Amino acid sequence: MSSRERGAGSGTIEEATDVVARRLGKLEPRVAIVLGSGLGGVADSVQRAVRVPYREIPGFPEPGAPGHKGDLVGGTLEGVPVVVQSGRFHLYEGHAPAVAALPTRMFARLGVRTLIVTNAAGGIRHTFRPPTLMLIADHINLMFRNPLVGPVAEGEERFPDMSDPYDPELRAVARDVARSQRIALEEGVYAALLGPSFETPAEVRMLARLGADAVGMSTVPEVIAGRARGLSCLGFSSITNVAAGLSGSPQQLSHQEVLAAGQQLAGQLERLIRGVLPQL
Ligand code: HPA
């Protein structure tokens with residue numbers, strides 16, 4: 001049975017953690033950084049890097065989305081022991097929510113206390129001028145999937161609180177870093193849809209009415225699993241395009257455009273993350 005069908009129960013979490021812990025040796029990562037589409041550069045900045053290919057980690061599928069790599073990278077960034085997930089598992093690839101959340105649960109078992117998630121997203125708030133960065137203040141789960149469905153995993157509770165999904169103190173740190181580094185940083189609500197088709201204009205109008213400022217196809221399963229394990233979460237969206245139907249131009253959305261705009265923001269995002277890390 002493939003990991004897609006199997007999901008990722010407690011046994012898989014333990015096995016994956018054992019393999020990665022062995023490979024990382026003495027390194028005890030405190031922070032995990034999940035890199036979204038076109039944002040892989042941070043992984044190359046890690047010092048004393050140990051790369052663990054996904055194919056060596058039990059329960060980890062090969063990543064399928066273009067622009068996503070397939071390595072975990074342990075090491076230090078700004079002197080902080082980190083593990084970087086370069087390539088994530090999207091529900092639209094057919095992965096179970098528990099597979100999308102497996103790396104997060106493994107990070108928690110490894111001793112990570114803070115989860116930094118990044119993604120590419122379409123801009124909904126009409127003042128957003130992509131490419132721009134958005135600090136995620138909150139999310140709306142419109143994937144209608146949740147990685148906590150099923151038996152309660154060891155170390156989690158049945159009904160975890162989600163009133164502070166993105167840690168207010170960490171967000172304040174991120175805003176301070178952005179200000180001092182003169183990086184324009186918006187802040188808003190991320191809506192997660194299953195994908196993989198981009199939204200229709202009517203769906204984007206609906207999302208605006210629901211209170212979403214940006215829309216994407218990832219991140220929420222990881223943050224739910226992270227909160228269930230007590231991780232503090234910090235999230236950044238690269239707003240790579242205006243969401244469908246809002247730009248006033250007939251231009252079509254493409255993944256190429258998303259990757260190219262993501263690459264334009266990658267440097268700023270890396271500076272933000274590096275600025276935040278020593279203050280965690
Ligand atoms: N919609 C959904 N996901 C996205 C978008 C979008 O417009 N841009 C980048 N990821």
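Each ligand, and each atom within it, is numbered from 1 in the order the structure gives. We use all heavy atoms of the structure for the numbers below, so side chains are in, but hydrogens, waters and symmetry mates are not. Count residues from 1 along the sequence. Just so it is clear, the structure is predicted and the values come from calculations on it, not from any experiment.
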Next item on the list: Go through ligand 1 atom by atom and flag the ones less than 4.0 Å from a non-hydrogen atom of Gly216.
Entry: 2 (C), 3 (N)

Next item on the list: Test Asn141 against every option in Val223, Ile224, Thr219 by the side chain to side chain contact (heavy atoms under 4.5 Å, CB included) rule and name the one that passes.
Entry: Ile224

Margin query: To check you understand the geometry: which heavy-atom pair defines the closest contact between Leu194 and Met217, and what is its length?
Written below: O-CB, 4.2 Å

Note to self: Could you tell me, atom by atom, which parts of ligand 1 come under 4.0 Å of a heavy atom of Leu253?
What the structure shows: 7 (O)

Check: Is the backbone of Val42 close enough, under 3.5 Å, to the side chain of Arg274 for a donor and an acceptor to pair up by distance?
Finding: no

Notebook entry, point to check: Charged N to carboxylate O under 4.0 angstrom, Arg23 versus Asp71?
Noted result: no

Check: So which protein heavy atom does atom 2 (C) of ligand 1 come closest to, and at what separation?
Finding: Glu199 OE2, 3.2 Å

Notebook entry, point to check: Checking side-chain contact (heavy atoms from CB on, under 4.5 Å) for the pair Leu277/Val31: CA distance, chi angles, key distance, verdict?
Noted result: CA-CA 8 Å; Leu277 274 176; Val31 180; 3.8 Å; yes

Notebook entry, point to check: Looking at atom 10 (N) of ligand 1, what's its closest protein heavy atom, distance included?
Noted result: Ala120 O, 3.3 Å

Note to self: Applying a heavy-atom cut-off of 4.0 Å, say which part of Ala121 lies close to ligand 1: side chain, backbone, both or neither.
What the structure shows: backbone

Next item on the list: Just need the protein heavy atom nearest to atom 4 (C) of ligand 1, so name the residue and atom and give the distance.
Entry: Val215 O, 3.7 Å

Next item on the list: Considering heavy atoms of the protein only, find what lies nearest to atom 8 (N) of ligand 1 and give residue, atom and distance to 0.1 Å.
Entry: Asn241 OD1, 2.7 Å

Margin query: I'd like to check which ligand 1 atoms, numbered from 1 as shown, lie under 4.0 Å from a non-hydrogen atom of Thr240.
Written below: 8 (N), 9 (C)

Next item on the list: Compute the centroid of each ring, for Phe89 and then for Tyr54, and state whether the two points are separated by less than 6.0 Å.
Entry: yes

Next item on the list: If you have a sec, work out which protein heavy atom is nearest atom 5 (C) of ligand 1 and how many Å separate them, to one decimal?
Entry: Gly122 N, 3.3 Å

Checklist line | Donor-acceptor pair between Thr240 and Glu257 side chains, under 3.5 angstrom | finding: no

